[in-house]
Amino acid sequence: MSEHRYYTRGEIQWIPRYIETIDPEKCIGCGRCYKVCGRNVLELIEKPFEGDDEFGDDMGNKIMSVAHPENCIGCEACGRICAKKTQTHITLK
Ligand code: SF4
Ligand code: SF4
């Protein structure tokens with residue numbers, strides 16, 4: 001992929017950092033990242049349980065997923081709002 005160069009309105013170079021992954025072990029499904037993202041990238045999904053799980057009820061069984069990474073503009077708002085630091089973000093070359 002060719003090198004991407006982006007600039008702010010003030011023509012200062014800006015390097016997008018696109019969301020790559022959300023750690024399903026750390027995410028608590030709070031939805032904060034979903035609320036700050038205006039690009040339809042993220043989606044709450046059922047937490048994948050392994051075997052019987054005593055907490056497998058209606059509470060706390062969702063986690064966030066990167067459903068549409070192709071829509072991400074790399075603003076990192078989702079990463080800043082996440083208290084659990086679940087996400088990894090990457091740059092493209
Ligand atoms: S980096 Fe920005 S555009 Fe991408 S998922 Fe996070 S909030 Fe949405
Ligand atoms: S803000 Fe963090 S903990 Fe909350 S749903 Fe998003 S990734 Fe999960």
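Every number for a ligand or one of its atoms is a count from 1 in the order of the listing. Along the sequence shown, the residues carry numbers beginning at 1. Basis for what follows: all heavy atoms, side chains included, without hydrogens, waters or symmetry-related copies.
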- Query: Can you tell me if Ile73 has a non-hydrogen atom under 4.0 Å from ligand 1?
  - Reply: yes
- Task: Using a 4.0 Å heavy-atom cut-off, say whether Val41 meets ligand 1 through its side chain, its backbone, both or neither.
- Result: side chain
Does any non-hydrogen side-chain atom of [Y] lie less than 4.5 Å from one of [X]?
{"X": "Gln87", "Y": "Cys33", "value": "yes"}
{"X": "Glu20", "Y": "Val66", "value": "no"}
{"X": "Ile22", "Y": "Leu42", "value": "yes"}
{"X": "His68", "Y": "Glu43", "value": "yes"}

- I would like to know whether Cys78 and His89 meet side-chain contact (heavy atoms from CB on, under 4.5 Å); could you show each step before the answer? CA-CA 10 Å; Cys78 54; His89 291 248; 3.4 Å; yes
- List every atom of ligand 1 that sits less than 4.0 Å from any heavy atom of Ile19, numbering the atoms from 1 in the order shown and giving each element.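 With Ile19 as reference, the close atoms of ligand 1 come out as 5 (S).
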Measure the distance from [atom] to every protein heavy atom, then report the residue, atom name and distance (to 0.1 Å) of the closest one.
{"atom": "atom 1 (S) of ligand 1", "value": "Glu76 N, 3.1 Å"}
{"atom": "atom 6 (Fe) of ligand 1", "value": "Cys78 SG, 2.3 Å"}
{"atom": "atom 2 (Fe) of ligand 1", "value": "Cys75 SG, 2.3 Å"}
{"atom": "atom 4 (Fe) of ligand 1", "value": "Cys72 SG, 2.4 Å"}
{"atom": "atom 8 (Fe) of ligand 2", "value": "Cys27 SG, 2.4 Å"}

For [X], the ligand 2 atoms whose distance to one of its heavy atoms is below 4.0 Å:
{"X": "Gly31", "value": "4 (Fe), 5 (S)"}
{"X": "Ile28", "value": "3 (S), 8 (Fe)"}
{"X": "Cys33", "value": "1 (S), 5 (S), 6 (Fe), 7 (S)"}
{"X": "Gly29", "value": "5 (S), 8 (Fe)"}

- Message: As a quick check of understanding, evaluate side-chain contact (heavy atoms from CB on, under 4.5 Å) for Leu92 and Tyr18, giving each step before the final call.
- Response: CA-CA 8 Å; Leu92 297 181; Tyr18 304 98; 3.6 Å; yes
- Query: So, for Glu46 and Ile63, which heavy atoms are closest and what is the spacing to 0.1 Å?
  - Reply: O-CG1, 4.5 Å
- Measure the spacing between SG of Cys75 and CZ of Arg80 and express it to the nearest 0.5 Å. 6.5 Å
- Query: How many angstroms lie between atom CD1 of Ile15 and atom OH of Tyr6, to the nearest 0.5 angstrom?
  - Reply: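 Rounded to the nearest 0.5 Å, the CD1-OH separation comes to 11.5 Å.
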- Query: Where do Lys84 and Ile28 land on the side-chain contact (heavy atoms from CB on, under 4.5 Å) test, with the steps shown first?
  - Reply: CA-CA 8 Å; Lys84 297 297 180 182; Ile28 58 172; 3.9 Å; yes
- Message: Just checking: Cys37, one of its N/O/S atoms, less than 2.8 Å away from atom 8 (Fe) of ligand 1, yes or no?
- Response: yes
- Is it the side chain, the backbone, both or neither of Gln87 that has a heavy atom closer than 4.0 Å to ligand 2? side chain
- Examine the proximity of ligand 2 to Thr86 and report which part, side chain or backbone, both or neither, has a heavy atom under 4.0 Å away.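 For Thr86, only side-chain atoms sit under 4.0 Å from ligand 2.
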